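Just so you know, ligand 1 is whichever comes first in the structure, and atom 1 is the first atom listed for that ligand. Bear in mind the structure is a predicted one, so any value in this text is a computation, not a measurement.
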Amino acid sequence: MLKQDRRTTLNADQKNALYADATKELASITEGETNVTALMATVSCVLAEKFDYYFWTGFYIVDPIKQNELVVGPYQGTLGCLRIPFGRGVCGTVAATQKSCVVDDVHAFPGHIACDSRSNSEVVVPVLDRTGALIAVFDVDSVETGSFDDIDKAALEAIMAQVFAR
Ligand code: SME
């Protein structure tokens with residue numbers, strides 16, 4: 001079955017249980033690994049596999065040369081756009097503010113960048129290193145509207161801290 005055809009509504013307990021599993025698995029798989037590309041690829045893969053409503057799952061990295069621009073990093077899903085300026089769309093807004101964002105309907109979000117028109121809702125969280133510097137944002141899109149809530153946001157923030165700020 002194609003990923004975009006798998007539509008699943010989870011209740012809060014089911015979501016929390018899957019995030020608890022993913023958090024435990026990622027702690028064990030990434031233990032001792034410091035390579036950021038390997039960590040980003042692993043986080044994208046484990047989370048995309050775990051959640052049926054994750055349609056696009058991945059990282060936009062702060063470009064080391066153009067510091068006010070994001071460039072696509074490891075991801076799972078359909079083709080993502082390559083670059084996003086700080087302040088544009090959901091990812092660019094999260095990079096500029098360093099505050100997570102849950103969007104129930106991306107088409108109502110000013111400046112939303114439609115990499116794939118099938119995406120309808122998303123959650124984006126900032127990714128900080130151990131010094132507190134922004135290194136990337138983590139973006140998850142769903143084909144359904146309203147897929148993400150505070151459970152997704154809090155769990156993803158905790159996973160990013162566990163993997164990238166230790
Ligand atoms: N939805 C994002 C763009 C990235 S893609 O969806 C993969 C945004 O508006 O920032």
Side-chain angles (χ1 to χ4, degrees), residues 1-10 15 18-19 22 26 36-129 133-161 163-164:
M1 193 187 295
L2 293 174
K3 184 96 180 161
Q4 64 264 30
D5 296 329
R6 292 193 275 157
R7 301 182 178 199
T8 310
T9 308
L10 301 176
K15 258 193 193 187
L18 286 177
Y19 279 116
L26 282 168
V36 174
T37 306
L39 293 172
M40 288 182 174
T42 302
V43 167
S44 302
C45 179
V46 167
L47 290 172
E49 286 291 309
K50 179 81 62 193
F51 292 93
D52 281 349
Y53 61 98
Y54 279 34
F55 173 62
W56 195 96
T57 310
F59 291 85
Y60 277 93
I61 299 169
V62 177
D63 188 298
I65 298 162
K66 296 183 182 169
Q67 284 279 335
N68 57 353
E69 203 164 278
L70 297 166
V71 60
V72 77
Y75 67 92
Q76 302 264 320
T78 56
L79 183 67
C81 40
L82 268 63
R83 289 183 175 271
I84 299 176
F86 274 39
R88 265 212 66 204
V90 188
C91 291
T93 300
V94 170
T97 60
Q98 299 195 19
K99 286 199 171 22
S100 301
C101 197
V102 173
V103 182
D104 286 340
D105 177 1
V106 295
H107 308 289
F109 190 93
H112 169 253
I113 302 159
C115 295
D116 189 315
S117 58
R118 286 169 289 186
S119 289
N120 279 312
S121 60
E122 71 180 282
V123 57
V124 181
V125 301
V127 181
L128 310 178
D129 69 12
L134 181 79
I135 55 169
V137 301
F138 181 66
D139 175 13
V140 186
D141 295 2
S142 163
V143 295
E144 295 180 305
T145 52
S147 286
F148 305 102
D149 55 26
D150 282 348
I151 294 176
D152 301 273
K153 174 172 160 295
L156 293 175
E157 287 173 349
I159 288 171
M160 297 308 138
V163 176
F164 297 99

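- Using a non-hydrogen distance threshold of 4.0 Å, Tyr60 registers as a contact of ligand 1.
- Shown in contact with Cys91 at under 4.0 Å from a heavy atom are these atoms of ligand 1, numbered in order with element: 2 (C), 8 (C), 10 (O).
- Given atom 5 (S) of ligand 1, the protein heavy atom at minimum distance is Cys115 SG, 3.1 Å.
- At least one side-chain heavy atom of Leu156 sits under 4.5 Å from a side-chain heavy atom of Val123.
- Here the side chains of Tyr60 and Tyr75 are not in contact, with every heavy-atom distance at 4.5 Å or above.
- Taking only non-hydrogen atoms, the option from Asp139, Val90, Ile113 nearest to atom 4 (C) of ligand 1 is Asp139.
- Atoms of ligand 1 lying under 4.0 Å from any heavy atom of Asp141, numbered from 1 in the order shown and given with element: 1 (N), 5 (S), 6 (O).
- The nearest non-hydrogen atom to atom 2 (C) of ligand 1, considering only Arg88, Arg118, Glu122, comes from Glu122.
- In this structure, Ala95 and Leu70 approach most closely via the heavy-atom pair CB-CD1, 3.9 Å.
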> When you look at Glu122 and Asp141, which way does the side chain to side chain contact (heavy atoms under 4.5 Å, CB included) test go after all the steps?
Replying inline: CA-CA 4 Å; Glu122 71 180 282; Asp141 295 2; 3.3 Å; yes
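- Checked options Tyr53, Phe51, Phe55; the residue passing with Phe148 is Tyr53 (criterion: ring-ring contact (aromatic ring centres under 6.0 Å, His included)).
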